[in-house]
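Note sheet for the following structure.
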Amino acid sequence: MSRFGQPLRYSSAWPITALAKEYPQGWHVAVHRHRRGQLIYATSGVMHVTTREGIWIVPPQRSLWIPVGMPHEIHMEGQVAVRMLYLDRATSASFGTHCKVLTVSNLLRELILAAVQAHAEKHRQRIGMLAPLLLHELQTADEVAFHIPMPSDPRLKSVCQRLLNGTSHAETLEQLALRAGASSRTLARLFESELHMSFVRWRQHVRLARALSQMSRGFSIKAVARDAGYANCSAFSSMFHRVLGVTPTDYMRHAVKL
């Protein structure tokens with residue numbers, strides 16, 4: 001039984017297809033879907049994956065589970081080296097029908113890379129031997145609550161798009177409300193009811209997404225913190241650690257090693 005409450009099943013014949021791809025900075029993969037469940041993992045660079053559930057930020061040390069048939073598009077920040085696993089339908093059922101960001105441990109990373117190599121070499125027996133442990137590690141990987149949900153209300157949608165575009169970097173909720181033709185109280189209520197997070201937390205996630213993109217392109221932590229609107233690196237580091245579980249320095253050190 002998996003920790004998601006579903007029995008873990010896989011077909012020993014060929015449960016996993018694994019691929020490796022390299023993308024240049026700024027590359028965009030148009031909206032598409034897969035007949036299998038997909039796990040995407042970047043060994044370097046940052047991906048922004050957009051689905052009907054919102055925008056998912058996938059830096060190194062993280063992977064994104066995309067269920068069977070989920071339409072999605074991908075934007076690459078910096079040069080991105082992607083490793084992808086495709087799980088058959090029986091196996092995918094164990095992982096649920098919603099996208100989720102999963103932490104990639106050292107062991108899981110090596111298993112993903114080994115699966116990619118085994119598939120490239122058409123080593124069916126090795127894939128069959130790797131599959132049980134790989135799937136177990138995926139099932140027990142920690143889920144990271146880090147994505148940017150998008151609203152349906154047109155007033156809130158215009159505000160969110162403005163924040164995503166970076167055109168309202170320092171505007172308050174009251175200033176944004178004036179532009180949207182709604183009261184700040186209405187917008188605050190819409191953030192909670194539609195996005196299930198406060199305005200401050202939603203904007204924090206947008207700023208963090210931008211910071212990850214900048215860090216992947218070699219920006220200094222000081223420059224990234226200043227651009228994100230933080231008075232000093234300490235405050236930015238505290239927010240970064242609270243959301244991602246590592247400091248910006250540790251994140252950059254690990255990213256360089258990958």
Side-chain angles (χ1 to χ4, degrees), residues 4 28-29 31 33 38 40 46-59 61-67 69-77 95-103 141-215 224-225 227-230 235-236 238-246 248 251:
F4 298 113
H28 177 253
V29 180
V31 177
R33 66 182 74 193
Q38 182 187 31
I40 53 177
V46 176
M47 295 177 286
H48 291 193
V49 183
T50 303
T51 76
R52 61 173 177 259
E53 297 179 335
I55 301 171
W56 303 81
I57 313 303
V58 192
Q61 307 175 48
R62 304 289 185 267
S63 62
L64 178 66
W65 167 251
I66 303 175
M70 174 72 76
H72 60 283
E73 59 183 309
I74 308 174
H75 182 78
M76 310 297 172
E77 296 288 348
F95 290 86
T97 58
H98 295 283
C99 294
K100 54 176 70 79
V101 175
L102 301 175
T103 299
D142 291 331
E143 185 175 346
V144 182
F146 179 44
H147 87 290
I148 303 171
M150 291 298 290
S152 57
D153 184 279
R155 296 164 297 178
L156 186 57
K157 200 168 187 177
S158 69
V159 167
C160 289
Q161 195 58 58
R162 187 171 175 82
L163 289 165
L164 285 169
N165 293 340
T167 52
S168 58
H169 193 60
E171 287 181 313
T172 64
L173 183 61
E174 288 71 22
Q175 291 170 322
L176 290 165
L178 286 174
R179 290 183 178 276
S183 69
S184 59
R185 181 175 296 180
T186 295
L187 282 187
R189 186 171 63 250
L190 286 171
F191 268 103
E192 294 289 352
S193 62
E194 287 211 23
L195 305 181
H196 307 293
M197 60 176 64
S198 67
F199 162 70
V200 170
R201 186 180 172 206
W202 194 91
R203 184 171 63 179
Q204 185 181 80
H205 280 210
V206 171
R207 287 175 170 176
L208 184 53
R210 180 177 172 85
L212 288 171
S213 172
Q214 292 172 331
M215 290 164 68
V224 170
D227 183 71
Y230 287 85
F236 172 74
S238 177
M239 178 277 294
F240 194 100
H241 185 273
R242 185 166 58 253
V243 178
L244 291 183
V246 295
Y251 170 84

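Checked against side chain to side chain contact (heavy atoms under 4.5 Å, CB included), T97 has no partners two or more places apart in sequence or in another chain. In terms of the side-chain hydrogen bond (donor to acceptor under 3.5 Å, both in side chains) criterion, residue partners of T51 (sequence neighbours excluded) are, by chain and number, W56. Listed by chain and residue number, E192, V200, R201 satisfy the side chain to side chain contact (heavy atoms under 4.5 Å, CB included) test with S198 (two or more places apart in sequence, or in another chain). Residues that satisfy the side-chain hydrogen bond (donor to acceptor under 3.5 Å, both in side chains) test with H196, not counting sequence neighbours, are absent from this structure. Scanning for side chain to side chain contact (heavy atoms under 4.5 Å, CB included) contacts around A188 gives L173, with sequence neighbours left out. With sequence neighbours excluded, the residues forming a ring pair (Phe, Tyr, Trp, His ring centres under 6.0 Å) with H205 are F146, listed by chain and number. Residues satisfying the side chain to side chain contact (heavy atoms under 4.5 Å, CB included) test with S158, not counting sequence neighbours, are A180. For H98, the side-chain hydrogen bond (donor to acceptor under 3.5 Å, both in side chains) criterion is met by E53, not counting sequence neighbours. Judged as a side-chain hydrogen bond (donor to acceptor under 3.5 Å, both in side chains), and not counting sequence neighbours, the contacts of T186 are S183.
Under the 4.5 Å side-chain criterion, counting only non-hydrogen atoms from C-beta, M76 is in contact with V29. Annotation: side chain of L176 is in contact with side chain of L163 (closest heavy-atom distance under 4.5 Å). The side-chain heavy atoms of Q161 and M150, taken from C-beta on, include a pair separated by under 4.5 Å. In this structure, the side chains of L187 and R185 stay at 4.5 Å or more apart for every pair of heavy atoms.
Put simply, CD1 on I57 and CZ on R210 are 12.5 Å apart, with the number rounded to the nearest 0.5 Å. Atom CE of M239 and atom OH of Y230 lie 3.5 Å apart (nearest 0.5 Å). Put simply, CZ on R203 and CE on M197 are 14.0 Å apart, with the number rounded to the nearest 0.5 Å.
For the salt bridge (charged side-chain N to carboxylate O under 4.0 Å, His left out) condition, the pairs that include at least one residue of residues 144-154, sequence neighbours left out, are D153-R155.
Checked against H72 for a side chain to side chain donor-acceptor pair (under 3.5 Å), the options R52, R33, Q38 give a single hit: Q38.
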